[in-house]
Amino acid sequence: MLERPEPIAVIGTGYVGLVTAAGFADLGFEVYCVERRQVIVDQLQAGVIPFYEPGLEEMVRRNLERLHFSTGCGDALEHARLLFVAVGTPRGDDGNADLSAVQSVVDEIPASTRHALVMKSTVPAGTGAAIKRLFTKQGKHGLGYVSCPEFLKEGSAVDDVANPDRVVIGDDGDWAGDAVQALYAPLCARLGIPLVRIDVVSAEMVKLASNAFLATKISFINEVANVCELVGADVTNVAMGMAPDPRIGGQFLQAGIGYGGSCFSKDVEALRRLAENCGYEFRLLKAGTEVNESQKGRVVEKLLNHFGGSLTGRTICLLGLAFKPDTDDMREASSRVLSRELQTSGAAVAVFDPKVTEKTARRMMGTARFATDAMDAVDGADAVVLVTEWKEFVDLEWSEVADRMAGTLVIDGRNALKPNLIVAAGLLYDGIGRAPYSTPIEV
Ligand code: NAD
């Protein structure tokens, strides 16, 4: 790291932008953050984080002196050359990535030979080239452009930014690429990780292909799980036997009720649309998405089977609303689909999540009852479904759960619970890709 690192700017202070900004500030950089929403700027200036990410609030607070927040680009342009862009690129109504926030950043940046946009947002391959054409059209000759895709994971983002497994830089071999490389080279050298410096369009593809691969891996093991149920195998045992093969690996080999979150679904769809727009049908991604969608419905199938084909008048408890543990993010979360389908099927739904508040989730949950804690949520439930594998759910006192429930069925949507503990409490355990347990099994 340089002794007096040059200031940088970050545009967009959501999960990626704020963690990136705080990460650089923690390394001693002055960071000029631009966030279009005044209410968020006010919160951040007071050291309040508008979302939950473990360790982030502490990191922001201890670096508040070096973190500067504003709704305008003025300070950022004055102090920094590299402008990291971390605005949202959600799925648009037509399935393509909605690049309107990126577009507004491009429009806002004035002509300059001193500045470069460093794209952290996930964008379709070809976006960098389109932006460079736009710069030229807008008379902004000399503005630099670098692709620097982000691979952090919500829930462990602070650690991911400090300890990435690679840094990918896509550029035209100019000063801006050199400057981004200089920024990351000390970290890569210290951690002994690759710094992959390639062309812009390839860097853009790295991000889409990585997320599409991981999503496909999840859908693959979910299909294996469905076959396991038919042949009497246990997918957790199957995964245990597959994982030691280094060509396969154990990560993302946990079967469950499908992936959610802001990235996988939209990035898979963005890659599929990108291919389609170029005249190529990416069949594997279409199938993977279909598997993911139908996987969420397997819980409803299991409940219908258990309750004789009807859920009318039943109360179903959903443990967990966030798309995964250690975040309060509900974008594309399985809980949303499940809650809707269960209510459509006539069931009453009770929900609880340690971090997602009723204020955030109310409009997504229909008439569901928001419980005050896990035990309140299971109270009177005919069945309990583990939707998000928060540790506090895994560690529940199952005999107490059994006392509070009206019924006996526990569906483990993440294969995260210990079947023997659940059946020992007199409950029926049903996971994904494993036979239902009603009595303890010898392992
Ligand atoms: P987010 O929605 O949490 O944050 C985006 C922020 O940008 C918001 O605070 C928004 O108000 C702000 N913003 C929008 N337009 C702006 C503008 N013109 N000027 C200033 N601020 C503006 O999004 P996120 O989850 O941080 O994702 C950002 C990008 O990073 C996306 O492209 C996403 O695909 C990618 N990404 C996300 C993750 C993740 O886990 N969330 C991981 C890797 C990559």
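We count ligands from 1, going down the list as the structure has it; atoms in each ligand are counted the same way. FYI, side chains are in, hydrogens and waters are out, and symmetry mates aren't considered; it's all heavy atoms of this structure.
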Run the numbers for me: atoms of ligand 1, each under 4.0 Å from some heavy atom of [X], listed by number.
X	result
V105	18 (N)
V34	20 (C), 21 (N)
A101	15 (N), 18 (N)

Return the option from [options] holding the heavy atom at the smallest distance from [atom].
atom	options	answer
atom 41 (N) of ligand 1	K266, E154, R36, R37	E154
atom 15 (N) of ligand 1	I40, L18, V87	V87
atom 2 (O) of ligand 1	M119, E53, E35, R331	R331

With the side chain counted from C-beta on, respond yes when [X] and [Y] share a heavy-atom pair under 4.5 Å apart, and no when they do not.
X	Y	answer
F213	V268	no
V158	L152	no
L319	L396	yes
D412	Y429	yes

Kindly state whether the ring of Y15 and the ring of F51 have centres lying under 6.0 angstrom apart.
yes
Between F84 and F24, does the ring centroid distance fall short of 6.0 Å?
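That pair passes the under 6.0 Å test.
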Qualifying residue, where the test is side chain to side chain contact (heavy atoms under 4.5 Å, CB included) with N96 and the options are L99, D93, D94
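In the set L99, D93, D94, the residue that makes a side chain to side chain contact (heavy atoms under 4.5 Å, CB included) with N96 is D94.
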Go through the steps for Q254 and R414 under the test side chain to side chain donor-acceptor pair (under 3.5 Å), then give the verdict.
CA-CA 8 Å; Q254 288 77 34; R414 299 294 173 190; over 6 Å; no
Looking at [atom], what's its closest protein heavy atom, distance included?
atom	result
atom 42 (C) of ligand 1	L152 O, 3.4 Å
atom 43 (C) of ligand 1	E150 O, 3.3 Å
atom 32 (O) of ligand 1	T89 OG1, 2.6 Å
atom 7 (O) of ligand 1	G12 CA, 3.3 Å
atom 30 (O) of ligand 1	V16 CG2, 3.4 Å
atom 18 (N) of ligand 1	S104 OG, 3.0 Å
atom 4 (O) of ligand 1	G14 CA, 3.1 Å
atom 19 (N) of ligand 1	I11 CG2, 3.7 Å

Test the R166-F151 pair against the cation-pi criterion, namely NZ or CZ under 6.0 angstrom from the six-membered ring centroid and within 45° of the ring axis.
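Checked: cation-pi criterion met.
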Are K355 and Y52 in a cation-pi contact, defined as NZ or CZ under 6.0 Å from the six-membered ring centre and within 45° of the axis?
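Relative to the ring axis of Y52, which defines the angle, K355 lies inside both limits.
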Is any N or O atom of K153, backbone or side chain, closer than 3.5 Å to an N or O atom of ligand 1?
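No, K153 has no N/O under 3.5 Å of an N/O on ligand 1.
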Is there a polar contact between ligand 1 and G88, counting only N or O atoms under 3.5 Å apart?
no
Contact partition for P149 relative to ligand 1, non-hydrogen atoms under 4.0 Å
neither
Between S121 and ligand 1, which residue portion shows a heavy-atom distance shorter than 4.0 Å: side chain, backbone, both, or neither?
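For S121, the contact with ligand 1 is made by both the backbone and the side chain.
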Between E30 and H68: side-chain donor-acceptor atoms closer than 3.5 Å:
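Per modelled atom types, E30 and H68 side chains form a pair under 3.5 Å.
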